Peer 1: 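Sharing a structure here in structure tokens format.
Just so you know, these numbers come straight off a predicted model, no measurement behind them. Both backbone and side-chain heavy atoms feed into the values below; hydrogens, waters and symmetry mates do not. In what follows, every chain begins at residue 1, and chains take the letters A, B, ... in the order their sequences are listed.
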Amino acid sequence: SQKIEQNSEALNIQEGKTATLTCNYTNYSPAYLQWYRQDPGRGPVFLLLIRENEKEKRKERLKVTFDTTLKQSLFHITASQPADSATYLCALDDMNSGGYQKVTFGTGTKLQVIP
Amino acid sequence: KAGVTQTPRYLIKTRGQQVTLSCSPISGHRSVSWYQQTPGQGLQFLFEYFSETQRNKGNFPGRFSGRQFSNSRSEMNVSTLELGDSALYLCASSVDRGNSPLHFGNGTRLTVT
């Protein structure tokens, strides 16, 4: 069966350190993978998209890697700040959907950055 | 540019009733997707509409339905509500299919008593 697993439900790190979140998937062949941030009571907010032929993508303090052989994406936040505390979701397209927009989400990792 | 707007923000209904939720996408976005979010199951895909046509559907019973209008606004309907339907219902719009990021509204919190 298809699965998207994020390494842990919760992750606590000290302010200033690098947070690394993991997303593993099974029985998908995604053309791209996305990361979103969700704050309590709000909808997810898009952060980064990486395509299957890209190994790494960066945006300010964020970095995403995508390894289609390992079927894994890593999401890094460098120099983390308390404001980075949120739930982070990975998402990928379902190519079995006939090529149309059907994005499936992992269950998320709740990141807490401790001052 | 205005973001995705969902109404109402909160809703309390009784078992057996039906409910209609509304979503106004970002101007120019023709794809609208709906998701159900619960603490146990996370974000679950309900369906996606493009140009008034449902292109994809998730694994939800027929009590869940939706539609999209010519101005891309979308509604979803849940009939014969069950306690398990209590959730945050999120709508997301995007420019088109494929690698377009999803832009989410802040959802409708439905409580079924």
Side-chain angles (χ1 to χ4, degrees), chain A residues 1-10 21 23 25 28-54 57 59 62 64 66 86-110, chain B residues 3-7 9-10 21 23-26 29-51 53-60 68 72 74 87-110:
Chain A
S1 64
Q2 294 179 314
K3 263 195 288 191
I4 304 172
E5 293 176 309
Q6 297 192 236
N7 59 324
S8 56
E9 284 190 22
L21 284 63
C23 176
Y25 57 91
Y28 283 96
S29 297
Y32 59 93
L33 188 145
Q34 304 179 53
W35 284 89
Y36 289 78
R37 168 187 172 137
Q38 187 174 25
D39 292 285
R42 309 291 293 254
V45 174
F46 170 76
L47 295 174
L48 278 168
L49 179 150
I50 185 165
R51 292 176 175 77
E52 60 177 335
N53 59 352
E54 297 175 314
K57 201 142 190 195
K59 179 183 175 184
L62 309 179
V64 172
F66 192 12
T87 296
Y88 291 86
L89 301 155
C90 72
L92 47 83
D93 63 301
D94 184 348
M95 292 306 289
N96 294 322
S97 65
Y100 297 125
Q101 185 79 295
K102 183 182 177 185
V103 177
T104 305
F105 285 80
T107 49
T109 296
K110 187 173 181 180
Chain B
V4 176
T5 304
Q6 291 189 247
T7 56
R9 190 78 173 88
Y10 300 94
L21 312 181
C23 172
S24 293
I26 291 173
H29 286 191
R30 295 166 67 190
S31 171
V32 174
S33 301
W34 287 90
Y35 289 83
Q36 181 196 66
Q37 187 173 35
T38 57
Q41 297 294 317
L43 271 160
Q44 299 286 308
F45 175 81
L46 280 157
F47 26 66
E48 186 254 350
Y49 287 87
F50 183 87
S51 292
T53 301
Q54 184 183 90
R55 298 195 299 189
N56 266 298
K57 193 177 192 310
N59 297 324
F60 279 82
Q68 186 181 33
S72 293
S74 178
L88 181 66
Y89 289 88
L90 291 159
C91 162
S93 71
S94 66
V95 175
D96 203 345
R97 66 182 186 189
N99 62 4
S100 306
L102 297 174
H103 299 263
F104 283 87
N106 286 325
T108 294
R109 172 73 64 185
L110 172 65

Peer 1: Indicate, with yes or no, if the rings of A/F46 and B/F104 have centres closer together than 6.0 Å.
Peer 2: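 No.
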Peer 1: Say whether, by atom type as modelled, one donor and one acceptor occur between the side chain of A/Y32 and the main chain of B/S100 under 3.5 angstrom.
Peer 2: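 No.
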Peer 1: Which residue pairs satisfy the salt bridge (Lys or Arg N to Asp or Glu O under 4.0 Å) criterion with at least one member in residues 39-51 of chain A, sequence neighbours excluded?
Peer 2: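 Qualifying pairs, neighbours excluded: A/R37-A/D39.
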Peer 1: About how many Å separate CG of B/L90 and CZ of A/F105, when rounded to the nearest 0.5 Å?
Peer 2: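 If we round to the nearest 0.5 Å, A/F105:CZ and B/L90:CG are 9.0 Å apart.
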Peer 1: Is the shortest heavy-atom distance from the side chain of A/V103 to the side chain of B/S94 under 4.5 Å?
Peer 2: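 No - every pair of side-chain heavy atoms lies 4.5 Å or more apart.
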Peer 1: Quick check on A/K110: does its NZ atom have over 12 non-hydrogen neighbours (other residues, nucleotides or ligands) under 6.0 Å away?
Peer 2: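 No, because the 6.0 Å sphere around NZ of A/K110 holds 12 heavy atoms or fewer from other groups.
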Peer 1: So which of A/P44, A/A91, A/G43 has the biggest tally of heavy-atom pairs under 4.5 Å with chain B?
Peer 2: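 Counting heavy-atom pairs under 4.5 Å, the top option is A/P44.
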Peer 1: Suppose we screen for ring pair (Phe, Tyr, Trp, His ring centres under 6.0 Å). Which residues come up paired with A/Y88, at least two apart in sequence or across chains?
Peer 2: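 In terms of ring pair (Phe, Tyr, Trp, His ring centres under 6.0 Å), with neighbours along the sequence ignored, A/Y88 is linked to A/F75.
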Peer 1: Give, as side chain, backbone, both or neither, the part of B/Q37 having an atom under 4.5 angstrom from any heavy atom of chain A.
Peer 2: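 It is the side chain, since no backbone atom gets that close.
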Peer 1: Counting only non-hydrogen atoms closer than 4.5 Å, does B/F47 touch chain A with its backbone (N, CA, C, O), its side chain (CB onward), both, or neither?
Peer 2: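 Neither the backbone nor the side chain of B/F47 comes within 4.5 Å of chain A.
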Peer 1: Could you look at B/R109 and say if it's the side chain, the backbone, both or neither that has a heavy atom under 4.5 Å from chain A?
Peer 2: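 Answer is neither: B/R109 stays 4.5 Å or more from chain A.
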Peer 1: Looking at A/N53, I want to see if its CG is surrounded by more than 12 non-hydrogen atoms of other residues, nucleotides or ligands under 6.0 Å.
Peer 2: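 More than 12 heavy atoms, drawn from other residues, nucleotides or ligands, come within 6.0 Å of this atom.
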